[in-house]
Amino acid sequence: MSACLRRLAISAAFACSVSAALASAPAFANDSTAELTTGGLVFAKSPSVEMRSEDLFVSEKEIRVRYRFFNAASEDVTATVAFPMPDVVFDGPDTGIAVPTQNAENFLDFQSIADGKPVTAGLEQKILVKGVDRTAQFKTLGVPLTAQFHEAAEALDGLSPEHQAELRALEAAIPDDYDVGKGMEHHLAPSWTLKSTYFWTQTFPAGREIVIEHHYRPSIGETSGNMLGSTYLQREEFERYRATYCIDADFFKAAK
């Protein structure tokens with residue numbers, strides 16, 4: 001596994017472990033009991049159900065997590081179980097985040113099995129701009145929450161000038177102006193953080209252990225850009241490339 005892939009995998013695994021810091025033993029770790037309130041999901045403790053083990057498998061094709069939970073109480077415990085996904089952070093027009101599927105509500109192909117049965121999980125998604133929840137505002141404007149898909153940028157461009165100015169003032173969208181040979185074009189680019197949490201109601205039988213498993217596809221990413229052919233290449237940058245890599249006119253013409 002390359003160093004870059006290791007960093008991506010560790011980042012994904014760490015982001016999914018955030019809820020561990022929000023609950024103390026013997027509460028859930030990555031899988032946390034949660035309460036659904038009018039403000040969204042709030043992670044909560046469970047005094048009876050303990051996590052006995054957590055096994056994590058990471059590869060460039062799949063991430064799998066397997067938990068063993070034991071209910072020490074004399075009665076069944078039914079609770080909402082929540083699993084937060086890694087944040088998707090867009091902070092400018094040059095942000096590029098690869099996702100393995102085109103499903104806006106399940107872009108990492110997340111799936112769960114609890115006590116041997118497939119889980120139909122609910123999904124809560126929130127948009128944060130500078131730490132403030134702007135989800136309702138974006139839904140009112142009809143802007144998709146998933147900035148990694150081109151539909152979000154298209155929706156921003158389609159807003160009225162007043163609504164565009166409103167989002168720019170919030171720094172929820174920033175100017176993305178460029179010229180591709182047809183004159184200067186003016187666009188807006190996403191600038192927000194998407195938080196996604198899957199949740200479902202789970203019963204933990206009294207005095208028995210159950211296994212909860214998750215698997216999803218990681219965001220690996222790739223790029224095939226060519227700076228030499230870019231209209232953004234400045235003269236001083238070209239001279240640096242030319243001196244460093246001995247670029248002649250024919251090579252530059254072919255690359256461009």
Side-chain angles (χ1 to χ4, degrees), residues 8-59 61-88 99-101 103-128 133 135 145-146 193-219:
L8 286 166
I10 291 170
S11 296
F14 176 79
C16 285
S17 300
V18 171
S19 60
L22 303 179
S24 58
F28 296 127
N30 296 12
D31 270 329
S32 302
T33 52
E35 297 171 347
L36 283 173
T37 70
T38 54
L41 285 170
V42 177
F43 296 102
K45 298 178 181 179
S46 172
S48 304
V49 182
E50 63 180 15
M51 186 179 71
R52 288 185 162 180
S53 69
E54 173 188 10
D55 296 320
L56 173 66
F57 169 84
V58 176
S59 76
K61 294 183 178 181
E62 184 182 40
I63 294 177
R64 296 197 305 268
V65 194
R66 187 175 188 269
Y67 305 97
R68 292 168 51 235
F69 290 110
F70 180 75
N71 178 10
S74 58
E75 298 178 350
D76 293 353
V77 173
T78 299
T80 300
V81 173
F83 189 85
M85 299 301 289
D87 289 351
V88 179
V99 290
T101 81
N103 185 335
E105 292 191 347
N106 194 6
F107 48 86
L108 294 180
D109 195 19
F110 176 84
Q111 299 178 48
S112 292
I113 297 174
D115 205 15
K117 299 177 182 179
V119 170
T120 301
L123 172 64
E124 179 188 73
Q125 290 185 315
K126 290 184 177 182
I127 279 185
L128 296 185
D133 187 345
T135 310
L145 307 186
T146 45
T193 296
L194 173 66
K195 289 184 173 291
S196 300
T197 302
Y198 291 98
F199 62 93
W200 68 92
T201 300
Q202 180 66 46
T203 297
F204 297 86
R208 185 164 74 82
E209 180 180 281
I210 69 170
V211 173
I212 296 179
E213 301 175 78
H214 308 300
H215 58 93
Y216 59 96
R217 295 160 61 186
S219 170

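Values in this document were obtained by computation on a predicted structure and should not be read as measured data. As a basis for the values below, the full set of heavy atoms in this structure was taken, side chains included, without hydrogen atoms, waters or symmetry mates.
In this structure Arg68 satisfies the side chain to side chain contact (heavy atoms under 4.5 Å, CB included) test together with Arg52, Ser53, Arg66, Glu209, Val211, sequence neighbours excluded.
For the residue pair Asn106/Tyr198, the side-chain donor-acceptor check at 3.5 Å is satisfied.
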Side chain to side chain contact (heavy atoms under 4.5 Å, CB included) assessment of Ile212 paired with Trp200:
CA-CA 12 Å; Ile212 296 179; Trp200 68 92; 4.0 Å; yes
inquiry  = The test is side chain to side chain contact (heavy atoms under 4.5 Å, CB included); show your working for Ile210 and Gln202 and say whether it passes.
reply    = CA-CA 11 Å; Ile210 69 170; Gln202 180 66 46; 3.7 Å; yes
Using side chain to side chain contact (heavy atoms under 4.5 Å, CB included), reason through Ser196 and Phe107 one step at a time and then give a plain yes or no.
CA-CA 10 Å; Ser196 300; Phe107 48 86; 4.1 Å; yes
_Would Leu194 and Gln125 count as a side chain to side chain contact (heavy atoms under 4.5 Å, CB included) here? Give the steps._
CA-CA 7 Å; Leu194 173 66; Gln125 290 185 315; 4.0 Å; yes
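Of all heavy-atom pairs between Thr80 and Phe199, the closest is CG2-CB, 4.1 Å. What you find for Pro86 and Leu108 is that their closest heavy atoms are CD-CD1, 4.3 Å. Closest approach of Ile63 and Pro218 over heavy atoms only: CD1-CB, 3.9 Å. Between Pro205 and Asp76 the shortest heavy-atom distance is CA-OD1, 3.3 Å.
Residue Lys126 forms a side chain to side chain contact (heavy atoms under 4.5 Å, CB included) with just one option from Thr193, Thr135, Leu145, and that option is Thr135. None of His214, Arg217, Glu105 except one satisfies the side chain to side chain contact (heavy atoms under 4.5 Å, CB included) rule with Phe110; the exception is His214.
By the neighbour-count criterion of 12 heavy atoms within 6.0 Å, atom CD of Glu62 is densely surrounded, having more than that number from other residues, nucleotides or ligands.
Tyr67 OH to Met51 CE: the interatomic distance, rounded to the nearest 0.5 Å, is 7.0 Å. Distance check, rounded to the nearest 0.5 Å: CD of Glu75 to OG of Ser48 gives 9.0 Å.
Of the possible polar contacts, none joining the Asp109 side chain to the Tyr216 backbone as a donor-acceptor pair under 3.5 Å is found.
Taking the side chain as every heavy atom from C-beta outward, Asp55 and Val65 never approach each other to under 4.5 Å.
Between Arg208 and Asp115, at least one side-chain N (NZ, or NE/NH1/NH2) sits under 4.0 Å from a carboxylate O, which counts as a salt bridge.
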